[in-house]
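Structure, as structure tokens:
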Amino acid sequence: MKNLTEKLREEKFLSREEFKILLAQGGEELHNAAREVCESVFGRDIYIRGLIEFTNHCVQNCNYCGIRSGNKNAARYRLSPEEILSCCAEGYELGIRTFVLQGGEDNFYTDERLVEILRSIKQNHPDCAITLSVGERSKESYARLFDAGGDRYLLRHETANAEHYAALHPAGLTLASRKKCLFDLKEVGFQVGCGFMVGSPGQTLDHIAEDFEFIRELDPEMVGIGPFMPHADTACAGEPPGDLQLVLNALAILRLMKPTVLLPATTALGTLSKRGRELGVLAGANVVMPNLSPRAVRKQYMLYDNKISTSDDAALTKSRIAEQMKNVNREIVIGRGDANV
Ligand code: SAM
């Protein structure tokens, strides 16, 4: 084990078989090595992003997702531009300098509407970064969003295995198209984040090893890894959630592979385990993403069951996370927290 952790640390890559061994056996030694590497790059700093879930309308019907178009039980909402700006203002007061606009793939948000929103946020908060996470769009659309002030874009690749991708998604959604979007985003100039769920139905350790291979090829600035969590109104309702140790092992491997990567301890990880975010940081994560969405709509952006912080306000969510970070000797810093510190 030590050998594999050391090898990964030195060579930044392993064979598929070696990845599988480390994923399965990982544990404390792996997490400690990842934490050391993280500290050597970021010190005790934790970057903070304010998540604004601005629409739960979605034209896609991903098998695992609670806001899939086929879920007729989901009460749909959209935030107005004024509501989005007010979330940003509240986040700014709390010391947040990156706003993440995330939503379903909602055709209401044309390029024109998103451009308008991006410009207004940048006008009010020129010292802040904006991350978009609004799914697959054309390269032209990505370019317009970048030109209007988008800095970063999160688009999880979900799984780098084409058959597994097809099993998780309805016909029409392909891994090839997802990958093309990610490479388009890079070319356009965004800092890019890909990622995947650990424990998604049908996933094997081979698939996760393939994810690492794809991540090496894409070379993104950010990687979002969290556990799959079941949602009652989806085809994946009866599936077990992702395994905590496996998530932590995957985070640690990523940190050793890419020492400077921006790696969040996700809300899903905090939902899977009470100490999930802390454990994520102890395994090499360096980003947290408190929810800035208005309390009134939080329960409606339900990607999976039992999501945490759905009845808290932004200030409480942020102060809870700050406390969790203190518990593991980390400090949330005020700043954009761009890639390549
Ligand atoms: N529509 C955008 C997109 O496709 O990237 C952003 C919104 S989408 C809901 C954000 C992420 O939520 C997905 O990339 C997926 O990995 C995650 N997600 C969806 N359902 C989930 C579940 N049941 N458990 C854990 N994560 C889930």
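Atoms within a ligand are numbered from 1 in the order they appear, just like the ligands themselves.
- Residue-level proximity to ligand 1 for C62 is absent, since no heavy atom of it falls below 4.0 angstrom.
- Ligand 1 has at least one atom lying under 4.0 Å from a heavy atom of P227.
- Looking at N161 and T159, their side chains never bring a donor and an acceptor atom within 3.5 Å of each other.
- Between the choices C58, C194, G103, the shortest heavy-atom distance to atom 1 (N) of ligand 1 belongs to G103.
- Counting heavy atoms closer than 4.0 Å to ligand 1, residue A268 contributes nothing at all.
- Under 4.0 Å from ligand 1, not a single heavy atom of Y153 appears.
- Hydrophobic cluster of L173: the remaining members, joined at side-chain heavy-atom separations below 4.5 Å, are Y165, L175, listed by chain and number.
- Contacts with ligand 1 closer than 4.0 Å are made by no heavy atom of Q60, backbone or side chain.
- Ligand 1 has a nitrogen or oxygen under 3.5 angstrom from a nitrogen or oxygen of M229.
- Backbone and side-chain nitrogen or oxygen atoms of Y64 are examined, and one is located within less than 3.5 angstrom of a nitrogen or oxygen of ligand 1.
- Distances between N or O atoms of Y301 and those of ligand 1 include no value under 3.5 Å.
- E158 is linked by a salt bridge (Lys or Arg N to Asp or Glu O under 4.0 Å) to R178, counting only residues two or more places apart in sequence or in another chain.
- Polar contact with ligand 1: present for E158 (N/O pair, distance under 3.5 Å).
- Classified by interplanar angle (parallel below 30°, tilted 30° to 60°, perpendicular above 60°), the ring pair F212/F19 is tilted.
- Under 4.0 Å from ligand 1, the heavy atoms of R178 that appear belong solely to its side chain.
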